[in-house]
Amino acid sequence: MKKIIVAILVFVVSFQLNAQSKTGTIDTEFILSKMPELAKVQEDLKTYNSKLEADLKVKVEGYQAKVKEYQEKVDSFTEEIKKTKQEEIINLENDIAKFRQNGSQLVQIEQNKLLQPLYQKIGKVLEEIAKSESYTQVFTITSSGLAYIDPKFDLTKAVMTKLGIKIEEGK
């Protein structure tokens, strides 16, 4: 019985030693920077940013109008109305501060939403190439921190070619 178990174990170990894994790399950020669709994403992001700025401007103008009205009519207000107006102004200040604070996060969320289809497109083509060329692992150059990469395993150019993106010499 021990001989059979040892034989099976030796067979499994030798099989695993013979199984070669093929690894590759890809520079998704470089591919993304060369995709023609990126111009549309940047334009849409600029439009979104302009909308946020316009919304902020409306909030600030509303705040300034409330402050001006309060300053002009403060003498005619009763204590109760003064308190109500002051609370309105404080709420507007807080709203503006929160809007400014969340603005960069909103832009980042929108950017991620707009870039997602491009990353999916790159991922789909990468998967096709990796399967057809028997790659078992592909590392992203921009976030892996690899010290050495054999250029013959870099799939960046293959993905770009399949996406129809012109490859410039030098990369």
Side-chain angles (χ1 to χ4, degrees), residues 21-72 84-171:
S21 66
K22 187 175 177 184
T23 59
T25 61
I26 185 169
D27 188 344
T28 53
E29 297 304 315
F30 178 73
I31 294 171
L32 184 68
S33 72
K34 299 297 182 183
M35 292 179 80
E37 298 97 324
L38 185 62
K40 172 82 168 102
V41 167
Q42 290 171 334
E43 182 182 312
D44 290 349
L45 194 59
K46 189 175 180 181
T47 301
Y48 182 75
N49 198 25
S50 296
K51 181 191 173 300
L52 286 179
E53 287 174 5
D55 290 348
L56 178 61
K57 185 178 178 184
V58 168
K59 288 178 183 290
V60 169
E61 287 172 355
Y63 166 77
Q64 290 171 339
K66 286 275 187 194
V67 169
K68 185 178 179 184
E69 177 191 357
Y70 177 80
Q71 289 171 343
E72 288 173 353
T84 303
K85 295 286 185 184
Q86 288 171 350
E87 286 175 3
E88 285 178 18
I89 291 171
I90 290 170
N91 287 339
L92 286 172
E93 285 176 355
N94 292 337
D95 188 37
I96 290 170
K98 191 179 285 186
F99 190 84
R100 283 184 173 146
Q101 190 176 34
N102 293 336
S104 62
Q105 292 173 337
L106 290 172
V107 170
Q108 185 64 46
I109 289 169
E110 184 69 12
Q111 180 179 8
N112 291 344
K113 184 180 109 183
L114 293 171
L115 288 176
Q116 190 63 32
L118 301 182
Y119 281 116
Q120 287 174 343
K121 188 174 181 180
I122 292 170
K124 183 179 177 188
V125 171
L126 172 61
E127 186 176 341
E128 290 173 12
I129 292 171
K131 285 181 180 178
S132 71
E133 296 184 18
S134 303
Y135 283 90
T136 57
Q137 300 170 6
V138 178
F139 295 99
T140 303
I141 292 173
T142 51
S143 63
S144 67
L146 297 174
Y148 174 77
I149 299 166
D150 188 344
K152 70 181 181 182
F153 293 116
D154 187 354
L155 301 178
T156 304
K157 290 181 181 178
V159 170
M160 289 177 70
T161 300
K162 197 153 186 172
L163 284 171
I165 299 171
K166 184 178 179 181
I167 301 171
E168 298 174 17
E169 290 303 313
K171 177 68 180 167

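Heavy atoms only: backbone and side chains are in, while hydrogens, waters and symmetry mates are out.
Between the CD atom in Gln71 and the NZ atom in Lys85 there is a gap of 13.0 Å [rounded to 0.5 Å]. Between atom CD of residue Glu29 and atom OH of residue Tyr119 there is a gap of 3.5 Å, rounded to the nearest 0.5 Å. In this structure, the separation between NZ on Lys162 and NZ on Lys124 is 10.0 Å, given to the nearest 0.5 Å. The CG atom of Leu115 sits 13.5 Å away from the NZ atom of Lys121 when rounded to the nearest 0.5 Å. The CD atom of Glu127 sits 12.0 Å away from the CD atom of Gln120 when rounded to the nearest 0.5 Å. In this structure, NZ in Lys131 is found 10.5 Å from CG in Leu126, a value given to the nearest 0.5 Å.
Remark: Glu53 engages Asn49 in a side chain to side chain contact (heavy atoms under 4.5 Å, CB included) (not counting sequence neighbours). Ala158 is linked by a side chain to side chain contact (heavy atoms under 4.5 Å, CB included) to Ile129, counting only residues two or more places apart in sequence or in another chain. Remark: Lys34 pairs with Phe30, Met160, Ile165, Glu168 by the side chain to side chain contact (heavy atoms under 4.5 Å, CB included) rule, at least two apart or across chains.
A salt bridge is defined here as a Lys NZ or Arg NE, NH1 or NH2 lying under 4.0 Å from an Asp or Glu carboxylate O, and Lys40 with Asp44 meets this definition.
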Under the side chain to side chain contact (heavy atoms under 4.5 Å, CB included) rule, what do Glu110 and Leu52 come out as? Steps first, then yes or no, please.
CA-CA 11 Å; Glu110 184 69 12; Leu52 286 179; over 6 Å; no
Test side chain to side chain contact (heavy atoms under 4.5 Å, CB included) applied to Lys98 and Asn94, step by step:
CA-CA 6 Å; Lys98 191 179 285 186; Asn94 292 337; over 6 Å; no
Using side chain to side chain donor-acceptor pair (under 3.5 Å), reason through Asn112 and Gln116 one step at a time and then give a plain yes or no.
CA-CA 6 Å; Asn112 291 344; Gln116 190 63 32; over 6 Å; no
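When side chains are defined from C-beta on, Glu133 counts as touching Leu155, because their heavy atoms get closer than 4.5 Å. Considering only heavy atoms from C-beta on, Leu56 comes within 4.5 Å of Val60 through its side chain. Counting heavy atoms from C-beta outward, Asp95 and Tyr63 have side chains that stay 4.5 Å or more apart.
Closest heavy-atom contact between Lys59 and Ile96: O-CD1, 3.6 Å. In terms of heavy-atom proximity, Leu92 sits nearest to Gly62 at CD1-O, 4.3 Å. Met35 approaches Ile122 most closely through the heavy-atom pair SD-CD1, 3.7 Å. Contact detail for Phe99 and Asp55: the closest heavy-atom pair is CZ-CB, 3.8 Å.
Side-chain N or O atoms of Thr25 include none that pairs as donor or acceptor with a backbone N or O of Ile141 at under 3.5 Å. Distance alone, capped at 3.5 Å, is enough to place a donor-acceptor pair between the Thr136 side chain and the Lys22 backbone.
Checking Asn91 against Glu87 by side-chain atom types alone, no donor-acceptor pair falls below 3.5 Å.
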